[in-house]
Amino acid sequence: MERTYIKDLKNHIGKEVTIAGWVDIRRDQGKMVFLDLRDMSGKVQAVVLPNHTEALAVAQIIRPEWVVEVNAQVNRRPERNVKLDVSNGDIELEVLNIVVLNEAQTPPMDVTSDGHEIGEETRLKYRYLDLRRPRLQRNMRLRHEVALHIRNFLSKHSFLEIETPLLTKSTPEGSRDYIVPSRIEQGKFYALPQSPQQYKQLLMVAGMERYFQIARCMRDEDTRGDRQPEFTQLDMELSFTTQEDIMKLNEKLLIELVQTLAPEKKIQTIPFPRITYKEAMEKYGNDKPDMREDKNDPNLLAFCWVVDFPFFEKNKAGEWTFTHNPFSAPMPEHYEWLMNKEKIGEILATQYDVALNGYEIGGGSIRNHRPEALIKVLEILGHTEENIRKNFGHMLDAFSYGAPPHGGIAWGLDRLLAILTNEPNIREVIAFPKTGEGRDLMMEAPSEVSAEQLQELGIVVVKSKK
Ligand code: ASP
């Protein structure tokens with residue numbers, strides 16, 4: 001018989017069905033056995049009555065987390081047993097037959113609770129079990145729905161989703177790169193992308209005009225709070241656009257997402273308030289202000305835009321560095337300052353960040369599409385002519401073949417999801433996250449590789465003292 005999903009059982013009252021899934025809870029009352037059964041779509045209570053002797057014999061040996069296929073009659077529960085607050089609380093299955101598809105050892109932790117009470121080491125080591133808990137099932141489902149909504153919205157607005165390489169060359173995003181050795185060219189390395197920044201700009205030169213990607217980004221940073229070595233961005237780039245256009249489009253998408261997929265949330269102010277970097281620093285002491293009027297309300301979302309960021313700041317050694325993105329354009333009124341390399345500390349970038357409840361959840365800018373402007377930025381950052389050619393030659397070349405004016409933005413999708421699900425950290429919305437030290441406890445990565453692998457790559461490991 002064709003399998004029925006548990007969520008659809010209510011459409012089969014009075015009929016016989018086959019369901020498949022896991023034993024969630026089992027209550028043996030001697031003469032009869034109650035089972036809560038679970039599949040990806042929901043839960044249902046089943047009862048094995050004494051007259052079904054074969055099924056009862058199986059029900060007496062099965063244990064939680066065993067995988068079963070069950071034949072049953074769908075019955076309406078008598079009025080007094082109806083539970084309106086649980087899924088399928090008005091029906092019950094009368095089991096006719098049970099086939100054990102797989103047995104399970106006793107799990108190392110409870111997978112039916114919300115899991116907050118369980119140590120994270122155990123949860124991450126057995127993540128495939130941890131993901132069975134309803135809270136994480138819900139988080140993964142919301143993540144899927146958010147991605148799907150984004151794809152549909154952007155497709156409707158003429159965007160193309162285009163994949164960009166994972167094996168690439170270092171991009172100057174400001175973090176350390178993860179590097180991958182080349183076997184064919186020993187001594188040379190690829191870098192994993194910190195973001196698709198350069199590729200998406202090159203796609204604008206390529207005439208794609210509207211690009212997006214739900215992209216993985218890798219940054220080899222020291223443990224700092226709630227970070228992951230790899231995380232997901234919604235990345236986009238548009239040609240023939242303005243700061244205003246990009247902000248409006250992204251605001252519309254964010255509002256639509258929240259209203260459709262997290263309707264219990266209340267957006268504090270629409271349109272999102274805008275604040276300059278200077279005001280934010282003066283008033284809130286940081287550039288991602290938490291504007292919530294009531295910080296105790298878990299369903300309040302206070303989005304805001306932060307604009308007018310300084311382009312450059314001095315590092316500890318007194319050299320100029322970029323605050324966000326070396327490819328950004330200055331504000332049009334500061335273009336001449338950039339070209340004359342004057343008032344460097346006062347040049348404002350066309351940078352816009354979107355903050356939510358005290359977190360930066362996105363940021364972007366209009367870019368320098370004229371090669372001479374990009375060269376000036378790189379010179380201010382202290383690059384020599386030779387260095388500029390070597391590291392950015394492909395960008396400058398590309399911009400010399402008719403680059404359209406363009407700009408974009410990227411969101412930190414994990415953080416946004418953590419806020420929408422009221423989760424304390426982004427690991428709760430990532431299927432297979434790493435620990436704060438960057439370890440995958442389930443796969444035991446990173447790990448050593450064989451002497452043969454190293455030899456092929458021409459690599460000798462010399463451990464430096466920490
Ligand atoms: N690539 C930038 C980042 O990762 C975002 C952007 O400016 O589009 O922060």
Side-chain angles (χ1 to χ4, degrees), residues 150 154 159 161-166 168-178 191-205 208-221 224 227-239 241-251 253-254 277 287-288 305-313 321-331 348-356 359-369 373-374 377 381 392 395 403-416 426:
I150 288 171
L154 292 176
F159 283 76
E161 184 169 18
I162 302 175
E163 291 165 272
T164 53
L166 288 182
T168 178
K169 187 176 157 123
S170 210
T171 67
E173 228 87 11
S175 296
R176 197 180 294 108
D177 286 318
Y178 278 102
L192 300 178
Q194 293 184 29
S195 87
Q197 183 68 37
Q198 295 193 33
Y199 284 108
K200 69 174 174 173
Q201 291 193 246
L202 294 167
L203 286 169
M204 295 303 104
V205 181
M208 307 312 301
E209 293 202 28
R210 289 186 158 214
Y211 142 94
F212 84 99
Q213 181 179 195
I214 296 184
R216 204 69 64 79
C217 302
M218 273 72 74
R219 299 182 187 176
D220 187 2
E221 290 173 298
R224 245 204 291 157
R227 296 221 174 159
Q228 283 285 307
E230 51 181 308
F231 59 96
T232 303
Q233 284 188 343
L234 163 61
D235 190 41
M236 68 175 88
E237 196 77 7
L238 299 74
S239 294
T241 187
T242 61
Q243 176 165 342
E244 196 57 37
D245 284 347
I246 297 174
M247 289 166 75
K248 284 230 172 84
L249 180 87
N250 279 269
E251 191 165 320
L253 175 52
L254 281 166
Y277 169 81
D287 61 1
K288 36 185 188 306
W305 288 102
V306 185
V307 294
D308 293 355
F309 285 88
F311 200 134
F312 302 98
E313 67 185 6
T321 64
F322 54 91
T323 65
H324 278 81
N325 192 328
F327 299 105
S328 297
M331 286 298 205
L348 295 180
T350 51
Q351 172 79 30
Y352 31 84
D353 279 4
V354 54
L356 171 57
Y359 292 97
E360 182 200 319
I361 57 150
S365 63
I366 301 298
R367 326 296 182 186
N368 274 323
H369 67 288
L374 178 56
V377 173
L381 296 177
F392 303 96
M395 295 296 279
H406 60 281
I409 192 169
W411 304 0
L413 210 53
D414 307 296
R415 170 62 55 201
L416 176 64
I426 63 173

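Every heavy atom of this structure was used, including side-chain atoms; hydrogens, water molecules and symmetry mates were not. These numbers come from a predicted model, not from an experiment. Counting convention: from 1, in listed order, for ligands and their atoms alike.
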(request) Report, in ascending order of atom number, the atoms of ligand 1 lying under 4.0 Å from any heavy atom of Gln233. (result) 3 (C), 4 (O)
(request) Determine the interplanar angle of the Phe392 and Phe327 rings, folded into 0 to 90°, and report it as parallel if under 30°, tilted if 30 to 60°, perpendicular if over 60°. (result) perpendicular
(message) Less than 4.5 Å apart, side chain to side chain, heavy atoms only: is that true for Glu237 and Pro196?
(response) no
(request) Please work out which of Gln351, Arg367, Met236 has its closest non-hydrogen atom nearest to atom 7 (O) of ligand 1. (result) Arg367
(message) Would you say that more than 12 heavy atoms from the other residues, nucleotides or ligands in this model lie under 6.0 Å from the OH of Tyr359, or not?
(response) no
(request) Without swapping roles, check the side chain of Asp235 against the backbone of Phe212 for a donor-acceptor pair under 3.5 Å. (result) no
(message) Within ligand 1, which atoms have a heavy atom of Arg219 less than 4.0 Å away?
(response) 4 (O)
(request) Looking only at protein heavy atoms, identify the closest one to atom 1 (N) of ligand 1 and say how far it is in Å. (result) Gln197 OE1, 2.6 Å
(message) At under 4.0 Å between heavy atoms, is it the side chain or the backbone of Lys200 that contacts ligand 1, or both, or neither?
(response) side chain
(request) Report yes or no: does Glu221 contribute a side-chain atom to a donor-acceptor pair with the main-chain N or O of Pro229 at less than 3.5 Å? (result) no
(message) Between ligand 1 and Glu237, is the shortest N or O to N or O distance under 3.5 Å?
(response) no
(message) Taking 4.0 angstrom as the limit and counting only heavy atoms of Ile409, give me the atoms of ligand 1 inside it, by number and element.
(response) 8 (O)
(request) Any atoms of ligand 1 less than 4.0 Å from a non-hydrogen atom of Ser195? List them with their elements. (result) 1 (N), 4 (O)
(request) Find the distance between CE (Met236) and CD1 (Ile214) and round it off to the nearest 0.5 Å. (result) 9.5 Å
